[in-house]
Amino acid sequence: MRAASGVESPATPHERTGSAATATSTSTSYDDLVGRVLAAELGPDPRTLRVAVAFTTSQAVRHEGRRGGYRNEVLSLRLGRAVGSCAVEPGALPGGAVDDCAGADVARLLEHPLAPVRVAALDAYLMHVRPHTPENGGLPLPLPAGTSLEKSRARARAVVDLLDVRPGQTVLVVGVVNSLLEALRSRGLRYIPCDLKGGSTEWGEQVVTDALAELDGCDAVLASGMTLGNGSFEPLREHALRHGKQLVMFAQTGSAVLPQFLGAGVSAVCAEPYPFFWLDGGPGVIHRYGSAEATL
């Protein structure tokens with residue numbers, strides 16, 4: 001997942017993040033959301049819907065002018081016109097997972113032993129019943145055509161624009177994306193980079209690996225949708241809700257899942273469903289959501 005946008009004229013926070021009146025109904029936890037889907041409370045019975053196509057997308061990246069590179073791998077499931085996705089650590093997905101998903105009903109996949117399969121299935125279902133539209137609370141924002149790095153930086157500006165923080169305040173960034181850190185630096189914001197992989201940032205800063213240990217030292221949290229797949233989303237959401245702290249999500253993983261938690265710990269979401277910006281040099285679109293708290 002990489003960051004992006006800044007191609008529109010200045011807007012008010014309400015215009016940037018969308019109206020709370022159009023936001024989707026809120027779930028109280030991830031397990032609550034899954035339970036509601038299985039009970040057919042949000043749409044058709046998932047037992048009646050089958051995934052037609054399952055596939056993985058793998059990439060290796062080394063941007064010109066950047067010190068390091070990275071790899072991404074994403075599991076995606078096609079349900080009708082919708083595609084749900086969950087990023088995984090490269091090589092971590094068992095070889096038979098894709099075959100196991102193709103043709104399976106969504107309810108079975110929501111109870112699959114592999115967390116990435118469960119997340120991708122939930123994302124596909126919600127993309128199917130609640131696509132990213134203004135009626136569902138998501139405001140589209142065009143991304144300009146360009147190189148992978150140019151589009152990454154554009155998305156980063158759009159993501160960081162959802163934060164309501166002042167220069168000098170500290171943002172915990174869960175899921176290190178150098179373009180996001182670059183955008184935070186340009187606004188005079190401090191940050192704590194956190195990623196399970198550890199290592200260092202483009203500027204030589206140490207990347208911490210335990211996000212929960214850093215929560216008390218930050219003013220806001222900016223987190224990747226990958227937290228859904230590795231189990232760290234719920235503790236982040238609960239902390240933000242308990243302490244009234246901003247939690248802004250940038251999501252290729254679970255882009256349709258995370259808007260369901262607006263007002264329940266999540267303050268804003270930058271949703272980027274498949275196909276992701278790094279797959280194409282042409283123009284694209286992301287969708288931004290905000291809760292009532294985020295639009296004040």
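In this text, all values refer to a predicted model and were calculated from it rather than measured experimentally.
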Checklist line | Derivation of the salt bridge (Lys or Arg N to Asp or Glu O under 4.0 Å) call for R153 and E182 | finding: CA-CA 8 Å; R153 285 170 165 161; E182 183 180 59; 2.9 Å; yes
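- Here CG of L222 is found 9.0 Å from CG of L172. Values are rounded to the nearest 0.5 Å.
- Using modelled atom types, no side-chain atom of Q252 and backbone atom of F276 make a donor-acceptor pair closer than 3.5 Å.
- You'll find the side chain of V160 reaches within 4.5 Å of the side chain of R187, heavy atoms only.
- Using a 4.5 Å heavy-atom threshold, the side chains of P275 and T57 count as separate.
- Atom CG of L139 sits about 11.0 Å away from atom CD1 of I286, to the nearest 0.5 Å.
- Around atom CD of Q206, no more than 12 heavy atoms belonging to other residues, nucleotides or ligands sit under 6.0 Å away.
- Side chains of E205 and Y191: a donor on one and an acceptor on the other come within 3.5 Å.
- Hydrophobic clustering places V207 together with V177 (ILVMFWY residues linked when any side-chain heavy atoms are closer than 4.5 Å, directly or through intermediates).
- Q260 and R36 are not linked by any side-chain donor-acceptor pair at a separation below 3.5 angstrom, with hydrogens and angles left out of the test.
- Qualifying salt bridge (charged side-chain N to carboxylate O under 4.0 Å, His left out) partners for R47, counting only residues two or more places apart in sequence or in other chains: D45.
- If you check the side chains of D216 and H243, you find no donor sitting under 3.5 Å from an acceptor.
- To the nearest 0.5 Å, atoms CG (L75) and OG (S58) are separated by 12.5 Å.
- Using modelled atom types, one finds a donor on one side chain and an acceptor on the other under 3.5 Å when comparing S85 with S76.
- Using the six-membered ring where Trp is involved, F55 and Y274 have ring planes that are perpendicular, over 60° apart on the 30 and 60° scheme.
- Side-chain atoms of T56 do not come within 3.5 Å of backbone N or O of V74 as any donor-acceptor pair.
- Between the side chains of S232 and N230, at least one donor-acceptor pair of N or O atoms lies under 3.5 Å.
- Taking the side chain as every heavy atom from C-beta outward, Y289 and L162 never approach each other to under 4.5 Å.
- Residues C86 and P116 share a closest heavy-atom pair of CB-O, 3.5 Å.
- We find the CG-CG distance between L212 and L236 to be 6.0 Å, quoted to the nearest 0.5 Å.
- E234 is linked by a salt bridge (charged side-chain N to carboxylate O under 4.0 Å, His left out) to R237, counting only residues two or more places apart in sequence or in another chain.
- Using a 4.5 Å heavy-atom threshold, the side chains of F233 and L258 count as touching.
- A donor-acceptor contact shorter than 3.5 Å is absent between the side chain of K197 and the backbone of T209.
- The closest side-chain heavy-atom distance from R81 to M127 is not below 4.5 Å.
- At most 12 non-hydrogen atoms from other residues, nucleotides or ligands lie less than 6.0 angstrom from CZ of R166.
- Linking Ile, Leu, Val, Met, Phe, Trp and Tyr residues whenever their side-chain heavy atoms come within less than 4.5 Å leaves L163 and L241 in two separate clusters.
- Contact check on D161 versus R288 returns a salt bridge, with a Lys/Arg side-chain nitrogen under 4.0 Å from an Asp/Glu carboxylate oxygen.
- Within 6.0 Å of CZ in R190 there are 12 or fewer heavy atoms belonging to other residues, nucleotides or ligands.
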